[in-house]
Amino acid sequence: MKDKLKALTLLNGVSSQEDAIIEYVYNDFLKYSKDVKVDRIGNVIAKFDGESNREKVVVFAHTDEIGLIVRKIEQNGLIRFERIGGVSTQILPGTFIRALAEHREIVGVIGTPSHHFIKQSQKETIPSHYDMYIDFGFTSRDEVLNSGIDVGTMMVFEHQWIENDNIVFAKAIDDRVGILILLELASKLKKEKPHFDTYLVAASMEEFNIRGIMPAIRAIKPTISLGIDITPACDTPDMDYNEIKLGGGPALTYMNFHGRGTLAGVLPDKQLLNTLNKVAKDHGIQIQKEVATGVITENAFILFENEGTSVANVSIPTRYTHTPFESIHMNDVKLAIELIHRFLTLDQADIHYGKKGG
């Protein structure tokens, strides 16, 4: 699985330009399902017929990653940028950036004052990203334009992959780890039918507006929706918000909420959550419980579609979220796959959801 995750993280897929991931997922899904399609905005949907078609279940993760976009080119060849998604500005100075220029990719660095001349007042502050610039080694605006970079060019963090046994570090773990889980589930569902008709959805544009999955949801009209995403781990000295840790198993969401501009969040279906907890207990799957303000997933909106949808989230604990060196424990991934697969293949009598029991 690490090799597949590495391949996924090395692909470029900033929001709305996710073609490389879409192609990868589409081709992989075709190994396991005869019913795979891509909708107009890039959601990849694979259907697996169930033992019963009484209900429809969606399991989703998102294909896109955070990034940057060129907003201005200075006459001296330096580039000003805007963020695509919630890029952590704290780590930007000195970070290597890959521009997805026309016909080629070009690597540069976000500039930072030379240490020898840095002012005392600057040593304990981080500038606004509006004051930052990217240096690609060009000396004029014309050189930049001739390279294929222009206003509107998208950029991502430079590629990297570091592993130490079960711990890995990479860009775009959020949410390529979720995509990995979908691909592993597809392999399992080809061999063992789910109980209900199941749709695995690799969803577009989550990092930019969270709602990229909605056309797929309105077409499928699911009864149950399981979201797979990352959640910030709080097992480092600078983080003490909750009890989530790497290697402690996947986390079931009890509440998430995003109050910065988007007043929305997830309070999961209690019966569905209880069912997932029972599956974990019955099969000895170690899990954690997530309460997270500042986090949001597509289920915040899916919840209210199609006369209401029963929703729950399975989260992968992740250190250093929204940076070029996000980190996870692979055992948490394996346990998440087992948990979701065992849920999908439960007998109908053991699946509980909704206010009236489902």
Side-chain angles (χ1 to χ4, degrees), residues 1-11 13 18 20-36 43-50 57-65 161 163 165-168 170 172-203 206 213 224-231 246-252 276 279-280 283-287 297 312-318 326-346:
M1 286 198 301
K2 278 197 290 187
D3 288 342
K4 185 171 281 191
L5 180 60
K6 179 179 179 179
L8 286 165
T9 64
L10 293 179
L11 296 173
E18 302 151 57
I21 300 90
I22 290 169
E23 181 178 5
Y24 186 106
V25 173
Y26 178 80
N27 289 331
D28 211 71
F29 274 165
L30 282 176
K31 299 174 186 176
Y32 313 115
S33 171
K34 295 179 180 178
D35 189 350
V36 183
N43 293 306
V44 189
I45 306 161
K47 183 185 178 185
F48 295 82
D49 292 333
V57 179
V58 159
V59 184
F60 70 87
H62 66 86
T63 51
D64 62 323
E65 65 191 280
W161 176 268
E163 60 179 90
D165 196 16
N166 278 319
I167 303 291
V168 301
I173 290 286
D174 178 8
D175 188 26
R176 302 295 158 68
V177 66
I179 297 299
L180 171 67
I181 292 170
L182 291 184
L183 299 179
E184 294 297 313
L185 287 171
S187 174
K188 291 180 177 295
L189 293 178
K190 181 180 181 180
K191 301 170 187 174
E192 183 179 5
K193 270 191 173 186
H195 184 76
F196 292 136
D197 286 355
T198 297
Y199 299 77
L200 303 183
V201 181
E206 186 271 352
I213 196 174
I224 296 171
S225 173
L226 294 182
I228 309 168
D229 211 328
I230 60 90
T231 189
L246 262 62
L252 296 180
L276 289 166
V279 171
H283 296 281
I285 301 170
Q286 185 178 6
I287 59 170
T297 66
N313 289 349
V314 178
S315 304
I316 303 301
T318 307
E326 295 175 328
S327 179
I328 60 171
H329 194 296
M330 291 303 297
N331 194 52
D332 296 334
V333 181
K334 294 175 184 176
L335 293 177
I337 294 166
E338 182 180 2
L339 175 66
I340 298 170
H341 178 244
R342 290 191 179 277
F343 168 79
L344 293 174
T345 53
L346 281 175

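- In this view, Lys47 and Asp35, Asp49, Asp197, Tyr199 satisfy the side-chain contact (heavy atoms from CB on, under 4.5 Å) rule, not counting sequence neighbours.
- Rounding to the nearest 0.5 Å places CD1 of Ile316 at 10.5 Å from CD1 of Ile173.
- Shown here are the side chain to side chain donor-acceptor pair (under 3.5 Å) partners of Lys31, two or more places apart in sequence or in another chain: Asp28.
- Between the Asp175 side chain and the His62 main chain, a donor and an acceptor come within less than 3.5 Å of each other.
- Atom-to-atom distance recorded for Leu10:CG and Leu8:CG is 9.0 Å, nearest 0.5 angstrom.
- By the side chain to side chain donor-acceptor pair (under 3.5 Å) test, His329 is found to be paired with no residue, residues two or more places apart in sequence or in another chain being considered.
- Rounded to the nearest 0.5 angstrom, Tyr32 OH and Lys191 NZ are separated by 8.0 Å.
- In this view, Ala172 and Glu65, Arg176 satisfy the side-chain contact (heavy atoms from CB on, under 4.5 Å) rule, not counting sequence neighbours.
- Contact of the Leu183 side chain with the Tyr24 side chain is registered, since non-hydrogen atoms from C-beta on lie closer than 4.5 Å.
- Once rounded to the nearest 0.5 Å, the distance linking CZ of Phe343 with OG1 of Thr198 reads 8.5 Å.
- No donor-acceptor distance shorter than 3.5 angstrom exists from the side chain of Asn166 to the backbone of Met330, with no hydrogens or angles considered.
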Q. Does the pair Glu338 and Leu335 meet the rule for a side chain to side chain contact (heavy atoms under 4.5 Å, CB included), with working shown?
A. CA-CA 5 Å; Glu338 182 180 2; Leu335 293 177; 4.2 Å; yes
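- The salt bridge (Lys or Arg N to Asp or Glu O under 4.0 Å) test applied to Glu163 returns Lys2, not counting sequence neighbours.
- At a threshold of 4.5 Å between non-hydrogen side-chain atoms, the residues Leu5 and Trp161 count as touching.
- The heavy-atom pair separating Thr345 from Pro194 by the smallest distance is CG2-CA, 4.2 Å.
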Q) Are Leu346 and His195 close enough, and set up right, to give a side chain to side chain contact (heavy atoms under 4.5 Å, CB included), and what steps lead you there? A) CA-CA 6 Å; Leu346 281 175; His195 184 76; 5.8 Å; no
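- Proximity of a side-chain donor or acceptor of Thr231 to a complementary backbone N or O of Pro317 within less than 3.5 Å is not detected.
- Expressed to the nearest 0.5 Å, how far NE2 of His341 lies from NZ of Lys188 amounts to 6.0 Å.
- Side-chain contact between Leu182 and Val25 is absent, with no heavy atoms from C-beta onward closer than 4.5 Å.
- Two residues are said to be in side-chain contact when any heavy atoms from C-beta on lie closer than 4.5 Å; Leu276 and Leu226 meet this criterion.
- Counting heavy atoms from C-beta on, the side chains of Val201 and Val59 never come closer than 4.5 Å.
- Under the side-chain contact (heavy atoms from CB on, under 4.5 Å) criterion, Ala280 pairs with Ile285, Ile287, Leu339, sequence neighbours left out.
- Remark: the Thr297 side chain and the Asp229 side chain contain no N/O donor-acceptor pair separated by less than 3.5 Å.
- Remark: Ser327 pairs with Ile167, Phe169, Leu246, Arg319, Tyr320 by the side-chain contact (heavy atoms from CB on, under 4.5 Å) rule, at least two apart or across chains.
- A donor-acceptor pair is defined here as one N or O able to donate and one able to accept, closer than 3.5 Å; no such pair exists between the side chain of Ser33 and the backbone of Leu30.
- Residues forming a side chain to side chain donor-acceptor pair (under 3.5 Å) with Asn43 (at least two apart in sequence, or on another chain): Asp39.
- In this structure, Glu184 has no salt bridge (Lys or Arg N to Asp or Glu O under 4.0 Å) partners at least two apart in sequence or on a different chain.
- Side-chain atoms of Glu326 come within 3.5 Å of backbone N or O of Asp174 as a donor-acceptor pair.
- When every heavy atom of Gln286 is checked against every heavy atom of Pro250, the shortest pair comes out as O-CD, 3.4 Å.
- Between Asn27 and Glu23, some side-chain heavy-atom pair lies under the 4.5 Å cut-off.
- To the nearest 0.5 Å, atom CZ of residue Phe29 and atom CD1 of residue Ile45 are 10.0 Å apart.
- By the side chain to side chain donor-acceptor pair (under 3.5 Å) test, Asp332 is found to be paired with no residue, residues two or more places apart in sequence or in another chain being considered.
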